[in-house]
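Written out below as structure tokens is the structure these notes cover.
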Amino acid sequence: MSEERSLNFIEEIVEEDLANGKHGGRVLTRFPPEPNGYLHIGHAKSICLNFGLAKKYNGKTNLRFDDTNPVTEDTEYVESIKDDVRWLGFEWAEELYASDYFDQLYAFAVELIKKGLAYVDDSTAEEIAAQKGTPTEPGTPNQYRSRSVEENLQLFAEMKAGKYPDGAKVLRAKVDLAAPNMHLRDPLMYRIKHAHHHRTGDKWCIYPMYDFAHGQSDAIENITHSICTLEFIPHRDLYNWFIAQLAIFPSKQYEFARLNMTYTVMSKRKLMQLVNEKHVDGWDDPRMSTISGLRRRGYTAASIREFCERIGVAKRENMIDFSLLEFCIREDLNKTAWRRMAVLDPIKLVITNYPEGETEIMHGENNPEVEGGDGGRDIPFSREIWIEREDFMEEPPKKFFRLGVGLSVRLKNAYIVTCESFVKDADGNVTEVHCSYLPNSKSGNDTSGVNVKGTIHWVSVPHAKTAEVRLYDRLFKVEDPSNEDGDFKDYINPESLTIIPNAYIEQDLATAEPGKGYQFIRKGYFTMDKLSTPDKLVFNRTVTLKDGWKAPQGSKA
Ligand code: ATP
Ligand code: MG
């Protein structure tokens, strides 16, 4: 947004740190995705925040893959995440992997054991949970808690060496079994998992837990401001505890409210279900809230950044209306998208007094918002053109300013025509509309003196290209599918995709590029699908021209 806005609370913290000379005026943030799925619009908020802060305060941002869970992670996801961050317009200082720190993390763990601050526990997960107590009752120590440093060192080394099966033992931090914060009641640091890791292969069969990997990774990288979502507030004490006991770089964690948006789900696990169960056509299906889905649908990076700017950064969770995202893409495309004509539900219009076999070149602007014009485009016109079926009525009501026998309209960028008759097939369907045109009514050089109220779009029959056009609606029927009874997938909108197999489009659209936005006049904003081919052109509707749902709320959180 161009207008000045007040600082968000994280910017206030950074400015205070800078004013106090903390970290020598250095700002280093990180974006830490787990590579277990594709990024969604919620991640975009975190990306814009982390990279945006660094940009604003002359700092840097690391891209760190939080890959401590070998079972769910994959290099396909790593690549897609890099693509998405870059596409959003951000550059990271360093590409890093938590798995690169496995040796260092292991050494940290050994250090804590030596300090008497960690122990190997043979209890089952159930036993550990039961011994932890409740928020109002302290936990009870078990016999493993008093193991000697030597025994712990040996057992931990054996865990690493692969001596024990999954689940047989864990390494726990010895913090405080009576702590009011349950996360401090001797949290797990390492578990045994005999699994292949996408980067470290079979080197490890013990993997650090999130709480022991994340803060230490921040410290190893000298991250100054570690920004995460509100659900990590209860983890903060532990984050600080590990850093203090290890006396490593004092990174600090700050929490902001995650993005929730209506008519969508925002969790990789749920998005993965939609993909695996084939409710959608892959992670980048244009109905998905993934960054790759939005991109394929025709959303621009600028519109997503603008959206993230508008929703702001808050400390309290709320629900953002999907319409706000649509508002942002409309605003952007209105300024940048080239105008073209496309007929989605065609009916033929024959201009009976126009010479057969003749082609005339009309002129149209690419984008009327561009000051001084942008050169425009040529549009071939001929005796037979396609118009929208809905622009003709057999029995037009009063105030129908389009076609019906006796009614006149302007053909966009061309002539005024008057409907004389129409043709029906045996089933009673109108197949052709016959009109006459006013030769002296050509757009830009109209001397006819005739005024008409309506203007309709058209495409010349011999010059038109055929395309499949895909119209999208909300993927879910309800505002918050995750918060309804039953499974969120019960609320999928069965009409989220409408395919128009044979639309007619202006010929130069055949060489459009996926991602470039076009306004199909009166029909919405579209972009070519990434799988479109010259033999089968495919266009996706990004968004309609007007909001068919609710007026966008400026939703300043
Ligand atoms: P998911 O539940 O979708 O898998 P996650 O938090 O587990 O999300 P990560 O890959 O761990 O996904 O997230 C990377 C970063 O993005 C984290 O810092 C996380 O806090 C942030 N993030 C994830 N979801 C959102 C959201 N909806 N809004 C804002 N930030 C988010
Ligand atoms: Mg996560």
Side-chain angles (χ1 to χ4, degrees), residues 8 10 29-54 61-69 71-74 76-82 84-85 88 90 92 96-99 198 209-211 213-215 217-218 221 223 225-236 239 251-275 283 288-294 304-305 307-320 322 324-325 480-483 488 555 557:
N8 65 48
I10 295 183
T29 59
R30 87 285 173 265
F31 174 62
E34 184 178 352
N36 61 352
Y38 283 60
L39 298 182
H40 50 64
I41 180 87
H43 293 114
K45 175 172 180 181
S46 172
I47 292 169
C48 289
L49 176 58
N50 279 297
F51 284 87
L53 269 181
T61 305
N62 287 343
L63 174 60
R64 182 196 318 137
F65 291 97
D66 203 350
D67 57 350
T68 55
N69 189 5
V71 191
T72 53
E73 295 159 3
D74 199 278
E76 175 196 345
Y77 303 133
V78 169
E79 290 310 313
S80 76
I81 289 169
K82 283 160 57 176
D84 288 348
V85 174
L88 275 175
F90 298 108
W92 50 89
L96 300 162
Y97 294 81
S99 57
H198 76 115
M209 304 299 290
Y210 171 87
D211 284 317
H214 201 87
S217 302
D218 285 343
E221 294 173 20
I223 299 296
H225 300 83
S226 175
I227 301 161
C228 59
T229 39
L230 295 180
E231 61 278 19
F232 290 98
I233 289 177
H235 297 249
R236 196 202 305 143
Y239 181 103
S251 299
K252 283 263 177 287
Q253 173 183 305
Y254 303 95
E255 309 86 8
F256 71 102
R258 64 191 292 113
L259 167 64
N260 302 305
M261 197 166 62
T262 55
Y263 301 103
T264 187
V265 290
M266 200 87 83
S267 119
K268 282 180 273 180
R269 193 176 50 80
K270 288 186 179 139
L271 294 170
M272 169 107 58
Q273 284 181 50
L274 295 174
V275 173
W283 283 98
M288 291 278 270
S289 59
T290 52
I291 295 175
S292 49
L294 291 167
I304 294 176
R305 291 194 303 262
F307 172 74
C308 292
E309 181 69 27
R310 277 176 183 262
I311 57 181
V313 179
K315 285 193 218 182
R316 202 157 44 82
E317 290 221 11
N318 64 353
M319 182 68 107
I320 301 291
F322 191 87
L324 182 64
L325 184 59
D480 191 1
S482 306
N483 233 341
F488 76 99
S555 299

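Counting from 1, the numbers follow the sequence of the chain as shown. A quick note: this is a predicted structure, and the numbers were derived from the prediction, not measured. Both counts, for ligands and for their atoms, begin at 1 and track the order of listing.
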- Message: Applying a heavy-atom cut-off of 4.0 Å, say which part of F232 lies close to ligand 1: side chain, backbone, both or neither.
- Response: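 Near ligand 1, F232 shows nothing, with every heavy atom at 4.0 Å or more.
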- Contact partition for R269 relative to ligand 1, non-hydrogen atoms under 4.0 Å: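 Under 4.0 Å from ligand 1, R269 contributes no heavy atoms.
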Is the backbone of [Y] close enough, under 3.5 Å, to the side chain of [X] for a donor and an acceptor to pair up by distance?
{"X": "K268", "Y": "E34", "answer": "yes"}
{"X": "T262", "Y": "M319", "answer": "no"}
{"X": "R316", "Y": "F256", "answer": "no"}
{"X": "T229", "Y": "E231", "answer": "no"}

Heavy-atom proximity to [atom], best of [options]:
{"atom": "atom 1 (P) of ligand 1", "options": "E255, K268, M272", "value": "K268"}
{"atom": "atom 2 (O) of ligand 1", "options": "S289, S267, G42", "value": "S267"}
{"atom": "atom 24 (N) of ligand 1", "options": "H40, M266, R30", "value": "H40"}
{"atom": "atom 20 (O) of ligand 1", "options": "T229, I81, D66", "value": "T229"}

- Task: With sequence neighbours excluded, tell me which residues meet ring-ring contact (aromatic ring centres under 6.0 Å, His included) with F322.
- Result: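 In terms of ring-ring contact (aromatic ring centres under 6.0 Å, His included), with neighbours along the sequence ignored, F322 is linked to no residue.
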Within ligand 1, which atoms have a heavy atom of [X] less than 4.0 Å away?
{"X": "P32", "answer": "14 (C), 18 (O)"}
{"X": "F256", "answer": "29 (C), 30 (N)"}
{"X": "P33", "answer": "10 (O), 14 (C)"}

- Message: Would you say that F90 contacts N50 through its side chain, given a criterion of any heavy-atom pair below 4.5 Å between the two side chains?
- Response: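 No, every pair of side-chain atoms sits at 4.5 Å or beyond.
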- Can the ring centres of H235 and Y239 be said to be less than 6.0 Å apart?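 Judged by ring-centre distance (under 6.0 Å), H235 and Y239 do not meet the cut-off.
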- Is E231 close to ligand 1, meaning an N/O of one under 3.5 Å from an N/O of the other?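 Min N/O separation from ligand 1 is not below 3.5 Å for E231.
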- Query: Going by distance only, is there an N or O of L259 that falls short of 3.5 Å from an N or O of ligand 1?
  - Reply: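 Yes, there is a polar N/O contact under 3.5 Å.
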- By side chain to side chain contact (heavy atoms under 4.5 Å, CB included), which residues pair with N483, not counting sequence neighbours?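 Counting only residues at least two positions away or on another chain, N483 forms a side chain to side chain contact (heavy atoms under 4.5 Å, CB included) with D480.
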